[in-house]
Amino acid sequence: MDQLEKKIKAVDAYAKKYKKQLAPRPALNQIKVIDGKGYFTDSHVAFYFNDIFPESVPLNNKTIEQVDGYYPTDIEYLIPTKGTFQTTEHKLCEVLDSLKEGKKQGLWKDTMTTFYVYHVIDGKLIVGKNEDFHNVDPRRFYHVLNCLKKLGEKTIEVSLNLKKTAQPIVITGKETGVKVVFAPIRVR
């Protein structure tokens, strides 16, 4: 299997976790390449791949015809360029281990009330509910980071938008350059 196929499989594995959410919007169920830049969104997070993928790729064993339809052509507006960001760098494996430990402790059990944010105190990534920051479902956070790991990432930069705008948390892969934006995302 070549590197491109491995990268497609990594994004496909993430998309399969949220397949039911993507079912009513099949056009989102693909890596979309627009003007040489690759994107994927499930409307809760948006991945920006830059030029990793040379063409649009359907996910979940679909064909391009099956996922044809409306896909936001101005998705780049989701990638934040403005705001007051607090940024720290972390080893991806350590953050994944922290999330796995949270799962072992039962922090992932209650999907309706157990949401955590990763915020920064004294340069360290801390798990805990904090009203000053946006909360992130630990399951989704884990699956996003696992996808980045499969894409070949080792180090991530976590940027928190302190102004709580539409892009509260941005994860940037230091090796791959892939950006992941946690929102709520509204595709126009």
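Remember, it's a predicted structure, so these values are computed and weren't measured experimentally. Along the sequence shown, residues carry numbers from 1.
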| Heavy-atom side-chain proximity of Leu92 to Lys154 below 4.5 angstrom | no
| query | Should Glu5 and Asp2 count as side-chain neighbours, where that means a heavy-atom distance under 4.5 Å? | reply | yes
| message | Can you give me the closest heavy-atom contact between Val45 and Thr41, atom names plus distance? | response | O-OG1, 2.9 Å
| said: Strictly below 4.0 Å, N to O, side chains only: are Asp42 and Arg140 in salt-bridge contact? | reply: yes
| Can you name the nearest heavy-atom pair linking Cys147 to Ala10, along with the distance? | SG-O, 3.6 Å
| Residue pair Tyr142 / Lys100, side-chain heavy-atom distance below 4.5 Å | yes
| field | Close side-chain approach of Ser159 and Glu157, heavy atoms under 4.5 Å | value | yes
| said: Counting the benzene-type ring for Trp, do Tyr48 and Phe40 have ring centres under 6.0 Å apart? | reply: no
| Residues in side chain to side chain contact (heavy atoms under 4.5 Å, CB included) with Thr155, at least two apart? | Glu89, Lys174, Glu175
| message | Taking Asp12 first and then Lys16, would you say they form a salt bridge - that is, a charged N and a carboxylate O separated by under 4.0 Å? | response | yes
| field | CD-OG distance between Glu101 and Ser98, expressed to the nearest 0.5 angstrom | value | 8.0 Å
| query | Taking the side chain as C-beta and beyond, is there a heavy-atom pair between Val11 and Phe53 under 4.5 Å? | reply | yes
| request: Any salt bridge (charged side-chain N to carboxylate O under 4.0 Å, His left out) involving residues 47-62? Give me the pairs, sequence neighbours left out, ordered by first then second residue. | output: none
| request: Would you mind reporting whether Val144 and Tyr14 have side-chain heavy atoms less than 4.5 Å apart? | output: yes
| task | Using a 4.5 Å cut-off on heavy atoms from C-beta on, say whether the side chain of Leu145 contacts that of Leu99. | result | yes
